[in-house]
Structures are given as C-alpha cells and as structure tokens.
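Scope of the values below: all heavy atoms of this structure, side chains included, with no hydrogens, waters or symmetry mates. Counting starts at 1 for both ligands and their atoms, in listed order.
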Amino acid sequence: MRIGIIGGGAAGFFSAITMAENNDSHNIVILEKSQNTLSKVRVSGGGRCNVTNALTDQKEFVKNYPRGSKELLSVFSKFSNADTIQWFKEKGVTLKTEQDGRVFPETNDSQTIINLFNKLVSRYGVDVLTGFDVNEVSIKDNKFVVKDRKGNTLYFDKLLVSCGGFSTIDKYKWIEKLGHTIVPPVPSLFTFNCKDILLKDLQGISVKKAGVKIKGTKLYSNGDLLITHWGFSGPAILKLSAFGARTLSDLNYKFTIEICWTDADVSKIVDITRNNNSLKHIIKHPLCGIPVRLWESFILNSGIKPEKRYNELSKKDAETIKNILTKSEFKITGKSTFKEEFVTAGGVSLKEIDFRTMESKAVRELFFAGEIIDIDGVTGGFNFQSAWSTGYVAGCGICNKNI
Ligand SMILES: Cc1cc2nc3c(=O)[nH]c(=O)nc-3n(C[C@H](O)[C@H](O)[C@H](O)COP(=O)(O)OP(=O)(O)OC[C@H]3O[C@@H](n4cnc5c(N)ncnc54)[C@H](O)[C@@H]3O)c2cc1C
C-alpha cells in the first residue's frame with residue numbers, strides 16, 4: 001500500500017507517524033512544497049510551540065472553534081488534548097501547562113517538537129520529499145495521480161491532503177477539481193486598527209474583564225483587552241476576530257466597536273463616589289479599577305473640567321463618566337496580524353468529510369486533516385490540537401483501524 005501525504009506540516013507529520021505505528025508495511029511519502037517541513041511549528045507560539053490547551057471539559061474545549069466545533073467533539077472523543085499530552089510524554093517530550101491553560105514543551109523550544117517528529121518519521125522509514133508543490137490530483141485505475149508544478153508525477157493507493165490553509169480561493173482549485181466544495185477563505189485571528197485620539201500614548205495598557213461589541217452585529221466578546229501602538233489587541237479582540245472572521249471580512253474591516261471597560265457596577269460606583277462628597281480630584285482617582293493613564297485620557301477627552309473634584313461632579317458629568325466606562329465607541333479602520341499568528345477560516349466543506357475516519361464523502365480513499373478543512377480555533381493551542389486530532393483520526397482511518 002502506497003500512501004501519499006500532501007503537506008509536511010503539523011497534521012501531515014502526526015498522521016504519518018500514526019499510520020506507521022499502526023502498520024509498518026505501508027510505504028508512506030510526505031510531499032512538501034517548500035524546502036523545509038514543519039515551518040509553522042518552528043515559529044509557533046513565539047518559537048515555543050503552544051501544542052495544546054489544558055482545558056479538561058470537552059464541551060468547553062470545542063467552544064474555542066468558531067468553525068468545526070460540532071465535528072471536533074466527535075474527533076476529540078477519539079483523540080483529545082489529554083491524549084496529546086500523553087502521546088508526547090510517552091515519546092519522551094515533557095509538556096508544561098501555564099496559568100492560562102496553554103501547554104508548551106518544557107524546553108520552551110519548538111525545535112523539541114520538530115526533533116521528535118523528524119526522529120520518528122526517520123525511524124519508521126517515512127519518505128519526505130521536499131520541493132514537491134502539488135498542483136494537480138486525478139484518479140486513474142484506482143490510483144491517485146499526483147503531479148507537481150515541475151511536471152513530476154507520483155502514484156498512490158490512498159491520499160491524505162494536509163496542506164494547511166490558503167489565503168486565496170484559486171490555491172484550492174486542485175482540491176475543488178477532485179469534487180470538493182471549498183468554503184471561501186478569510187483570515188482569522190487578527191487585531192483591530194484604530195487611530196482614536198483617546199488611545200494616544202496608551203500602548204501597553206491592558207484592562208481585565210472588558211466587554212467588546214461590534215455595532216450593527218450580534219458579535220460580542222469579553223476578556224482582557226490590550227491597547228497597542230495601532231489599536232486594540234488581547235484575548236477579547238482575538239476572539240471577536242475569530243468568531244466574526246466572515247462578517248468582518250464582509251465589512252472590509254471597517255466597523256465600530258463599543259467597549260465596556262469593566263464588569264463592575266459602574267452606575268452604583270459613580271453615584272456612591274459622587275454622593276460621598278469626596279474631595280478627591282477626579283482625574284487623579286480612577287474608578288472601577290481603570291488604569292490611571294487610561295482614566296486620565298477618558299477625563300481629558302470627556303469635556304469634564306479636569307481640575308474638578310468628585311463633590312463638584314454635576315449629574316451630567318456623572319452620566320458622561322458612566323457612558324465612557326460602559327459604552328465607549330471606536331472606529332476600526334483595518335486589521336493587523338497578531339504576533340504573525342493567523343489561521344484561515346474556510347477550506348474543505350465540513351459536510352463532505354466523514355469525521356469518524358476523516359475520509360472524503362465524495363472520493364473513496366481520499367482523506368483530509370488540519371487547517372485545509374473549514375475548521376479553525378482561537379489562540380491558545382486550539383489550532384494545533386485540531387491538527388493533531390484530525391491527523392491522528394485520519395491516520396487510523398487510512399489504516400482501517402477502529403478507534
Ligand atoms: C506564526 C504562527 C504561529 C502559530 N502559533 C500557534 C501556536 O502556538 N499554537 C497553535 O495551536 N496554533 C498556532 N498557529 C496555527 C498553526 O500553526 C496551524 O493551525 C497549524 O500549523 C495547521 O497545521 P496543518 O498541518 O494543517 O498546516 P501547516 O502547518 O500549515 O502545514 C501545511 C504544509 O503543507 C505545505 N503545502 C501547502 N501547499 C502544498 C502543496 N500544494 N503541495 C505540497 N505541500 C504543500 C506547506 O508548505 C506546509 O508545510 C500558528 C500559526 C502561525 C502562522
């Protein structure tokens with residue numbers, strides 16, 4: 001049995017190793033277009049590789065996937081994040097969990113993961129062919145005929161497509177020609193650009209438990225919010241960019257957000273402070289845990305005289321402060337990448353894959369794994385988990401192993 005794997009990334013390697021461990025008589029070949037395999041693993045997590053997330057409740061875990069959560073619930077029942085951690089441990093790589101749940105190799109070095117994968121594929125005799133940029137796949141006499149851009153041709157009995165996500169639909173043409181529907185790709189995981197005067201010189205300030213709404217839509221998220229040189233970042237924004245990937249693309253990344261800067265009872269706190277007849281200067285004494293510099297910017301841009309004390313606050317001033325704290329509006333003018341990390345929303349339609357084996361419902365013996373599928377997660381190790389799990393299930397599916 002000759003098995004071809006298109007794409008030498010996270011999903012492709014994990015699947016190749018799974019196949020080799022299930023059946024040592026198969027001839028497995030990884031086809032990689034560039035000169036280097038596993039290049040995203042290398043740069044991932046700032047060079048540390050955030051391999052997965054330690055969240056234990058699987059129903060909560062899949063809520064971190066704007067697309068594919070239902071399908072992944074079944075995939076994770078066969079190979080979960082806990083299985084991933086165990087898998088690496090059994091192979092000699094110890095992982096550690098950080099406070100926020102992100103899991104990294106104890107070495108803090110993605111090279112540890114790459115070394116392990118390379119060692120295993122070499123031990124199992126998996127062939128790795130670099131510089132093989134697949135641009136056509138057809139079927140003849142029950143064999144997959146795989147051609148690259150240079151005109152080389154290879155033949156396989158079974159084929160796994162694990163070539164990651166692409167930014168433009170034309171790059172998916174050869175998969176479409178095989179009989180698959182491609183959900184048009186749009187970027188996910190990005191930060192918001194904003195030039196509002198209120199944010200001037202505030203880069204680096206972060207606020208915990210902010211709520212962010214995208215006006216005119218139902219998109220809402222809460223969590224930490226970070227002010228950057230160019231606008232907004234942090235978990236609350238990244239989550240919005242992921243769950244709103246398609247809507248925000250349709251809006252051409254121009255929209256208005258409304259921020260509630262705290263989860264405290266703003267109205268009550270402002271009224272109590274005002275009624276207490278406090279002699280404290282408003283500008284120097286932030287309410288609701290707002291960082292001092294951000295608070296100063298709020299007051300200086302609010303129209304309230306900055307020298308006022310709390311006991312001099314008019315009813316109108318109090319309303320102004322309540323509004324700033326609970327519904328500040330900002331015009332977003334575009335997007336930027338987040339630490340160069342991004343994923344593609346879109347890809348091979350979920351409806352056309354049997355998630356028990358990752359086999360195509362349209363073409364027998366054709367399998368998919370990783371970001372090529374219309375699945376993507378938020379930041380925190382969720383994208384690699386999807387790559388390992390779909391890669392594992394595909395590896396078992398290809399070897400006809402029941403799991
Ligand atoms: C900078 C960065 C940091 C990231 N950090 C993290 C992180 O810490 N944790 C996390 O969970 N996720 C992270 N991600 C997301 C994660 O890297 C991807 O979701 C994951 O790599 C997807 O795995 P994959 O195997 O499907 O695709 P990839 O890893 O992209 O691998 C696909 C491979 O296929 C090859 N290929 C493409 N087309 C062809 C073709 N036609 N013929 C042959 N080969 C082809 C590509 O060159 C590539 O090597 C990060 C992403 C980026 C960009």
**Q** Under the 6.0 Å and 45° cation-pi test, does Lys335 pair with Tyr253?
**A**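 Yes.
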**Q** Are more than 12 heavy atoms from other residues, nucleotides or ligands located less than 6.0 Å from atom NZ of Lys177?
**A**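 Counting neighbours around NZ of Lys177, 12 or fewer heavy atoms of other residues, nucleotides or ligands fall under 6.0 Å, so no.
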**Q** Would Ala11 count as a polar contact of ligand 1, with the cut-off being nitrogen or oxygen pairs under 3.5 Å?
**A**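 N/O-N/O distance under 3.5 Å: yes.
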**Q** Nearest protein heavy atom to atom 34 (O) of ligand 1, by residue and atom, and its distance?
**A**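 Heavy-atom neighbour on the protein nearest atom 34 (O) of ligand 1: Gly7 CA, 3.1 Å.
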**Q** Tell me, do Ser302 and Ile324 make a side-chain contact under 4.5 Å, heavy atoms counted?
**A**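 The answer is yes; the side chains approach within 4.5 Å.
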**Q** Compute the shortest N/O to N/O distance between Lys33 and ligand 1 and return yes if it is under 3.5 Å, no if not.
**A**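 In this structure, Lys33 places an N or O atom under 3.5 Å from an N or O of ligand 1.
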**Q** For the ring pair Phe117 and Trp388, is the centre-to-centre distance below 6.0 Å?
**A**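 Yes, the ring of Phe117 comes within the 6.0 Å limit of the ring of Trp388, centre to centre.
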**Q** So, regarding Phe384 and ligand 1 (criterion: nitrogen or oxygen to nitrogen or oxygen, under 3.5 Å), is there a contact or not?
**A**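 Indeed, backbone or side chain, Phe384 has an N or O that close.
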**Q** Take atom NZ of Lys91 as the centre, draw a 6.0 Å sphere, and report whether it contains more than 12 heavy atoms from other residues, nucleotides or ligands.
**A**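 Counting neighbours around NZ of Lys91, more than 12 heavy atoms of other residues, nucleotides or ligands fall under 6.0 Å, so yes.
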**Q** Within a distance under 4.0 Å of any heavy atom of Val43, pick out the atoms of ligand 1 and give their elements.
**A**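 Checking each atom against Val43, I get 1 (C).
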**Q** Check each atom of ligand 1 against the heavy atoms of Asn383 and keep those under 4.0 Å away; list them by number with element.
**A**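 Listed by number with element, the hits are 11 (O), 12 (N), 15 (C), 19 (O).
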**Q** Enumerate the atoms of ligand 1 whose separation from the nearest heavy atom of Ile6 is less than 4.0 angstrom.
**A**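 Taking each heavy atom of Ile6 in turn, ligand 1 has 42 (N), 43 (C) under 4.0 Å.
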**Q** Assess whether a salt bridge exists between Lys361 and Asp354, defined as any Lys/Arg side-chain N lying under 4.0 Å from an Asp/Glu carboxylate O.
**A**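 A salt bridge is absent here (no side-chain N lies under 4.0 Å from a carboxylate O).
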**Q** Between Phe14 and Trp87, is the gap from one ring center to the other below 6.0 Å?
**A**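 Here the rings of Trp87 and Phe14 have centres that are less than 6.0 Å from each other.
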**Q** Is atom NZ of Lys96 surrounded by more than 12 heavy atoms (other residues, nucleotides or ligands) closer than 6.0 Å?
**A**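 Correct, the count exceeds 12.
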**Q** Which of the numbered atoms in ligand 1 are below 4.0 angstrom from a heavy atom of Phe382?
**A**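 Taking each heavy atom of Phe382 in turn, ligand 1 has 11 (O) under 4.0 Å.
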**Q** Are Ser34 and Glu32 linked by a side-chain donor-acceptor pair shorter than 3.5 Å?
**A**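 A pair is found: one side chain offers a donor N or O, the other an acceptor, under 3.5 Å apart.
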**Q** Looking at atom 51 (C) of ligand 1, what's its closest protein heavy atom, distance included?
**A**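 Sorting protein heavy atoms by distance from atom 51 (C) of ligand 1 puts Phe342 O, 3.7 Å first.
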**Q** Please indicate whether any nitrogen or oxygen in Glu32 is less than 3.5 Å from any nitrogen or oxygen in ligand 1.
**A**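 So ligand 1 has an N or O lying under 3.5 Å from an N or O of Glu32.
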**Q** Out of Cys163, Gly45, Gly164, Gly12, whose heavy atom sits nearest atom 36 (N) of ligand 1?
**A**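 Heavy atom nearest to atom 36 (N) of ligand 1 belongs to Cys163.
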**Q** From Ile5 CD1 over to Cys163 SG, what is the distance, rounded to the nearest 0.5 angstrom?
**A**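 It is 12.5 Å, given to the nearest 0.5 Å.
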**Q** Does an N or O from Asn50, backbone or side chain, lie closer than 3.5 Å to an N or O of ligand 1?
**A**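 For ligand 1, there is an N or O atom that lies under 3.5 Å from one belonging to Asn50.
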**Q** Considering only protein heavy atoms, which is closest to atom 53 (C) of ligand 1, and at what distance to one decimal place?
**A**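 Scanning the protein heavy atoms, the shortest distance from atom 53 (C) of ligand 1 goes to Glu340 O, 3.5 Å.
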**Q** Should we say atom NE2 of His229 is surrounded by more than 12 heavy atoms from elsewhere, each under 6.0 Å from it?
**A**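 No.
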**Q** Looking only at distances, please establish whether an N/O atom of ligand 1 is found under 3.5 Å from an N/O atom of Glu371.
**A**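 By distance alone, the answer is yes.
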**Q** Using non-hydrogen atoms of the residue, decide whether Thr37 is closer than 4.0 angstrom to ligand 1.
**A**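 Thr37 does not count as a contact of ligand 1 under the 4.0 Å cut-off.
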**Q** Is it the side chain, the backbone, both or neither of Ser386 that has a heavy atom closer than 4.0 Å to ligand 1?
**A**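 Neither; nothing of Ser386 gets under 4.0 Å from ligand 1.
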**Q** I'd like the name of whichever of Leu31, Val134, Ile175, Val51 reaches closest to atom 42 (N) of ligand 1 through any heavy atom.
**A**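 Shortest heavy-atom distance from atom 42 (N) of ligand 1: Val134.
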**Q** Among Gly9, Ala10, Ser44, which residue places a heavy atom closest to atom 23 (O) of ligand 1?
**A**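 Among Gly9, Ala10, Ser44, the closest heavy atom to atom 23 (O) of ligand 1 comes from Ala10.
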**Q** Below 4.0 angstrom, N of the basic side chain to O of the carboxylate: do Glu60 and Lys63 qualify?
**A**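 The answer is yes: the pair qualifies as a salt bridge.
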**Q** Measuring from non-hydrogen atoms of Phe166 to any atom of ligand 1, is the shortest distance under 4.0 Å?
**A**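 The answer is yes, since Phe166 has a heavy atom less than 4.0 Å from ligand 1.
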**Q** Under a 3.5 Å cutoff, is there a donor and acceptor pairing between the side chains of Asp83 and Ser80?
**A**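 Checked: Asp83/Ser80 side chains pair up, N/O donor to acceptor below 3.5 Å.
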**Q** For atom 4 (C) of ligand 1, which protein heavy atom lies nearest, and how many Å away is it?
**A**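 For atom 4 (C) of ligand 1, the nearest protein heavy atom comes out as Glu341 CG, 3.5 Å.
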**Q** For ligand 1, which atoms have a heavy atom of Val343 less than 4.0 angstrom away?
**A**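 Listed by number with element, the hits are 15 (C), 19 (O).
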**Q** Enumerate the atoms of ligand 1 whose separation from the nearest heavy atom of Phe132 is less than 4.0 angstrom.
**A**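 Near Phe132, meaning under 4.0 Å from one of its heavy atoms, ligand 1 has 42 (N), 43 (C).
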**Q** Below 30° counts as parallel, above 60° as perpendicular, anything between as tilted: where do the rings of Phe382 and Phe61 land?
**A**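 Perpendicular.
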**Q** For ligand 1, which atoms have a heavy atom of Gly370 less than 4.0 angstrom away?
**A**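 Reading through ligand 1 atom by atom, the close ones are 26 (O).
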